[in-house]
Amino acid sequence: MQVTLKGEIVEVLGTQPVVGEKAPAFSLYNTEDEKVALDDLRGSVVLISVFPDINTSVCDKQTRKFNETAADIEGLTLLSVSRNTKEELVNWCSANGIDMQMLHDDAGEFGEAYGLKVPKLGNKLARSVFVIDKDGILSYMEIVPEIATAPNEAAALAAAKNLPSSHCHSNE
């Protein structure tokens, strides 16, 4: 598949998952060195925010925004995934006073499973958002067509809120 980076066409390698089918399994480490596996999150709605590099402005903004807004959805598990190192993610979180579930895809396992590797960016991940229901079915997906722009956060959050789950409703 192809997306653009500041207007230039770049290739995204792999096969992307299909909405309505079982989401590809993965297990990655968070910044506390705990393994987080999709299979262990069954029973809760999962929103995965994927970004190329936490140390860029659009990625920073995307991550902050989802951290703020997803907190309002009860029963939602928010995961942020990138190829950044554990240290880069820890440093970003502490510099910004943010405590959230950040997963580092060191070996590119997530990028492989979700078809998100961008060779032109050193196999960093294409900016994207996935919402997975409590049974592990992919219910929403956006691979952002222009890497330098933010995803449609409102659509992703609406998709997450609309999924049946034992507690998935807004606090508002």
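Computed over heavy atoms, backbone and side chain alike; hydrogens, waters and symmetry mates excluded.
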Rounded to the nearest 0.5 Å, what separation is found between the [atom1] atom of [X] and the [atom2] atom of [Y]?
{"X": "Ile137", "Y": "Lys22", "atom1": "CD1", "atom2": "NZ", "result": "7.5 Å"}
{"X": "Thr85", "Y": "Ile54", "atom1": "OG1", "atom2": "CD1", "result": "11.5 Å"}
{"X": "Leu76", "Y": "Ser44", "atom1": "CG", "atom2": "OG", "result": "7.5 Å"}
{"X": "Asn84", "Y": "Met102", "atom1": "CG", "atom2": "CE", "result": "7.5 Å"}
{"X": "Glu112", "Y": "Thr15", "atom1": "CD", "atom2": "OG1", "result": "9.0 Å"}
{"X": "Thr56", "Y": "Phe51", "atom1": "OG1", "atom2": "CZ", "result": "8.5 Å"}

Give a yes or no on whether the backbone of [Y] and the side-chain of [X] come within a donor-acceptor separation of less than 3.5 Å.
{"X": "Ser82", "Y": "Leu125", "value": "no"}
{"X": "Tyr114", "Y": "Pro24", "value": "yes"}
{"X": "Arg42", "Y": "Lys134", "value": "no"}
{"X": "Glu146", "Y": "Gly7", "value": "yes"}
{"X": "Asp133", "Y": "Asp135", "value": "yes"}
{"X": "Glu142", "Y": "Phe130", "value": "no"}
{"X": "Asp53", "Y": "Lys124", "value": "no"}
{"X": "Asn91", "Y": "Glu87", "value": "yes"}
{"X": "Gln62", "Y": "Val50", "value": "yes"}

Would you call Lys120-Glu11 a salt bridge at under 4.0 Å N-O?
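So Lys120 does not pair with Glu11 through a salt bridge.
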Do the side chains of Asp40 and Lys35 get close enough for a salt bridge, i.e. N-O under 4.0 angstrom?
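Salt bridge flag = no for Lys35 with Asp40.
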Nearest non-hydrogen partners of [X] and [Y], listed with the distance:
{"X": "Phe66", "Y": "Leu78", "result": "O-CD2, 3.6 Å"}
{"X": "Asn30", "Y": "His104", "result": "O-NE2, 3.3 Å"}
{"X": "Ala113", "Y": "Ala25", "result": "CB-O, 4.0 Å"}
{"X": "Ile147", "Y": "Arg127", "result": "O-NE, 2.8 Å"}
{"X": "Asp105", "Y": "Gly111", "result": "OD2-N, 2.9 Å"}
{"X": "Pro151", "Y": "Val129", "result": "CB-CG2, 3.5 Å"}

Would you check, one step at a time, whether the test side-chain contact (heavy atoms from CB on, under 4.5 Å) holds for Ile73 with Leu47?
CA-CA 11 Å; Ile73 303 174; Leu47 188 152; over 6 Å; no
For the residue pair Gln101 / Thr77, report whether a side-chain donor-acceptor contact shorter than 3.5 Å exists.
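No - no donor-acceptor pair under 3.5 Å links their side chains.
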Check the pair Val45, Val131 against side-chain contact (heavy atoms from CB on, under 4.5 Å), reporting the backbone distance first and the verdict last.
CA-CA 7 Å; Val45 174; Val131 177; 4.0 Å; yes
Non-hydrogen side-chain atoms of [X] and [Y] separated by less than 4.5 Å:
{"X": "Trp92", "Y": "Arg64", "answer": "yes"}
{"X": "Val10", "Y": "Leu121", "answer": "no"}
{"X": "Leu116", "Y": "Ser128", "answer": "yes"}
{"X": "Phe110", "Y": "Leu79", "answer": "no"}
{"X": "Asn96", "Y": "Thr63", "answer": "no"}

same_hphob_cluster([X], [Y]) at 4.5 Å side-chain heavy-atom cutoff:
{"X": "Met141", "Y": "Val81", "value": "yes"}
{"X": "Leu138", "Y": "Leu103", "value": "yes"}
{"X": "Ile143", "Y": "Phe26", "value": "yes"}
{"X": "Leu89", "Y": "Ile98", "value": "yes"}
{"X": "Ile48", "Y": "Tyr140", "value": "no"}

Show, in sequence, the C-alpha distance, side-chain angles and deciding distance for Lys86 and Asp106, and conclude whether the salt bridge (Lys or Arg N to Asp or Glu O under 4.0 Å) test is met.
CA-CA 9 Å; Lys86 172 189 163 183; Asp106 299 329; over 6 Å; no
More than 12 heavy atoms of other residues, nucleotides or ligands under 6.0 Å from CG of Asp99: is that the case?
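Counting other residues, nucleotides and ligands, CG of Asp99 stays at 12 neighbours or fewer.
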Let's go through Leu41 and Val36 carefully: what are the C-alpha distance in whole Å and the side-chain angles of both, what is the deciding distance for side-chain contact (heavy atoms from CB on, under 4.5 Å) to 0.1 Å, and is it a yes or a no?
CA-CA 8 Å; Leu41 300 172; Val36 177; 4.2 Å; yes
